[in-house]
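What follows is a short report on a single structure.
We use all heavy atoms of the structure for the numbers below, so side chains are in, but hydrogens, waters and symmetry mates are not.
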Amino acid sequence: MSVTRKDHVRPPVRVALCLAVVTALVGTGLVALLWSGDDTDDHAARTTSGAAPDVPLVKDKGSVVRAATVPLARGRGLVADARGRHLTQRLTTDAYKMVAVTWASGRPEVDVRFRNARGWSEWTHLEALTDGPTVGDAESRQATRRGTELLWVGRSDGVQVRTTATTGLDLVLIDPGALAADATATPAASATQGPGAATATTVARTTSAGTTSAAARPNKAPRPPLYDRSVWKPNPDYLNGSPVYTNIIKQVHVHHTASANTYSRADVPAILRGMYRYHTQTLGWFDIGYNFLVDRFGRSWIGRSGGARKRVRGAHTLGFNHNSVGIAVIGNYESRNPTTYAVTAIVRLAAWKLDLDGQHATGRTWMYSKGSDKYPAGRRVALYRIDGHRDTNDTACPGARLYRLLPDIRTRAERRLRYYS
């Protein structure tokens, strides 16, 4: 399907501007942009009532999610400014809530700004995504692009990109949609029910009246309340393969999503849908990369499919996905503290998963790298059983404020599993 629209041409005293939407492929929202002109030009000023946006989003079949992918290159969307940076115009778009940029090779620096009801934002740096499938396996072979973290910006209708690269970039916009059930999400099982519930032992408990009663206590750290995939409604057609399982869980890798911290409770299912779409349809991974995600309200969400209790290998920590589980806290914790609710959720998830395989939460364990940007393949590394993503990859993740809490998280998780064991 081709899309054309009439452009407004500036008077000859200004730099000429020509923008043509050359292609828009149904199902992918692929758009190619060609123009030349002033890098500060605001396309929003050129859009009259009822005019088509510069970047339309296309709804995915069988999903509430809409998306667009916009190839960018020098002369095809990127224009150099006086400082040698490369910028797009300020583009009008259909409504979207998440933005990222991907590339085929290298690791460019990328900033974006967006337009919402309050006007144009300041520039925001997009952190490079150092998560990814294990090098050499089937999931890695089908993942042909790298990219930034997916930034949650809330409802927006304009975007501009600034980057150090000149070729091979794609701008990705996603509107994950909204469902009535997003605001009423409930966990699938209590801490002592459902798959993964530990066997119980009888312990004596003294009441305030001095009498003794019997109470059941699990023999293992209990499964915390988990919000099932069915709650956030992932599109099963996005899956690119089947789960892969490892033989033991020895580590928990803690992440942040390097996104906004101002999301609401009702936003979380949509954030997961958008992330799932980005990881599978844009980056080519089998499924969402993280095994679990934690929101700022302390809720724990099942990410990657294959069974929450099982040893599912994720795509969360490049080179160290094997024998581990990845937990990502939704938000950016480089300069802001995570909530106490979120920290407690990490403690409970980590204790449960490690105790299933009889592992401690404190101390270190030996791991062999499968190949990361920090440790070459085959390198033997002593890593904390609960570590931060920056311990294995060249990244700021999980943010300085969350990373400095990891010693306390290890201590609390160990105390929890010892209490139940």
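Within the model, atoms CG of D157 and CZ of F114 stand 11.5 Å from one another, a figure rounded to the nearest 0.5 Å. Atom-to-atom distance recorded for N240:CG and F286:CZ is 8.5 Å, nearest 0.5 angstrom.
Salt-bridge check for D387 with R364: failed, with every basic side-chain N at 4.0 Å or more from each acidic carboxylate O. The existence of a salt bridge linking R418 and E414 is confirmed by a sub-4.0 Å separation between a basic side-chain nitrogen and an acidic carboxylate oxygen.
For the residue pair T88 / R162, no side-chain donor-acceptor distance below 3.5 Å is found, with atom types taken as modelled. Of the N and O atoms on the side chains of D408 and T411, not one donor lies less than 3.5 Å from an acceptor on the other residue. Q160 and R113 share a side-chain donor-acceptor pair at under 3.5 Å. Inspection of the S156 and N116 side chains reveals no N or O donor paired with an N or O acceptor under 3.5 Å.
Sequence neighbours left out, the pairs with a member in residues 366-378 that pass side-chain hydrogen bond (donor to acceptor under 3.5 Å, both in side chains) are D373-N393. Counting only residues at least two apart or on different chains, the side-chain hydrogen bond (donor to acceptor under 3.5 Å, both in side chains) pairs with a member in residues 95-107 are T102-R145.
Applying the ring pair (Phe, Tyr, Trp, His ring centres under 6.0 Å) criterion to H316, with sequence neighbours excluded, gives H253, H255. Residues passing the ring pair (Phe, Tyr, Trp, His ring centres under 6.0 Å) test with W152, sequence neighbours excluded: none. Judged as a side chain to side chain donor-acceptor pair (under 3.5 Å), and not counting sequence neighbours, the contacts of Y290 are D131. Taking the ring pair (Phe, Tyr, Trp, His ring centres under 6.0 Å) definition, one finds that Y403 meets it with nothing, sequence neighbours left out.
Within the cation-pi definition used here (under 6.0 Å to the ring centroid, within 45° of the axis), R401 does not qualify as a partner of Y333. Because its NZ or CZ atom is not both nearer than 6.0 Å to the ring centre of Y245 and within 45° of the ring axis, R311 does not count as a cation-pi partner of that residue.
Using cut-offs of 30° and 60° for the angle between ring planes, the H279 and W285 rings count as tilted. In this structure, W232 and Y276 have perpendicular ring planes: the angle between them is above 60°, well past the 30° mark.
Here the rule is side-chain contact (heavy atoms from CB on, under 4.5 Å) with T93, and of D175, D54, V55 only V55 fits it. Put simply, the residue from R273, R277, R66 that forms a salt bridge (Lys or Arg N to Asp or Glu O under 4.0 Å) with D60 is R277.
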### Task
Report the C-alpha separation of D137 and S140 in whole Å, then their side-chain angles, then the decisive distance to 0.1 Å, and conclude whether the side-chain hydrogen bond (donor to acceptor under 3.5 Å, both in side chains) test is met.
CA-CA 5 Å; D137 68 6; S140 177; 4.6 Å; no
### Message
Could you walk me through whether I302 and L293 satisfy the side-chain contact (heavy atoms from CB on, under 4.5 Å) test, starting with their C-alpha distance in whole Å, then the side-chain angles of each, then the deciding distance to 0.1 Å, before giving a yes or no?
### Response
CA-CA 7 Å; I302 297 174; L293 296 102; over 6 Å; no
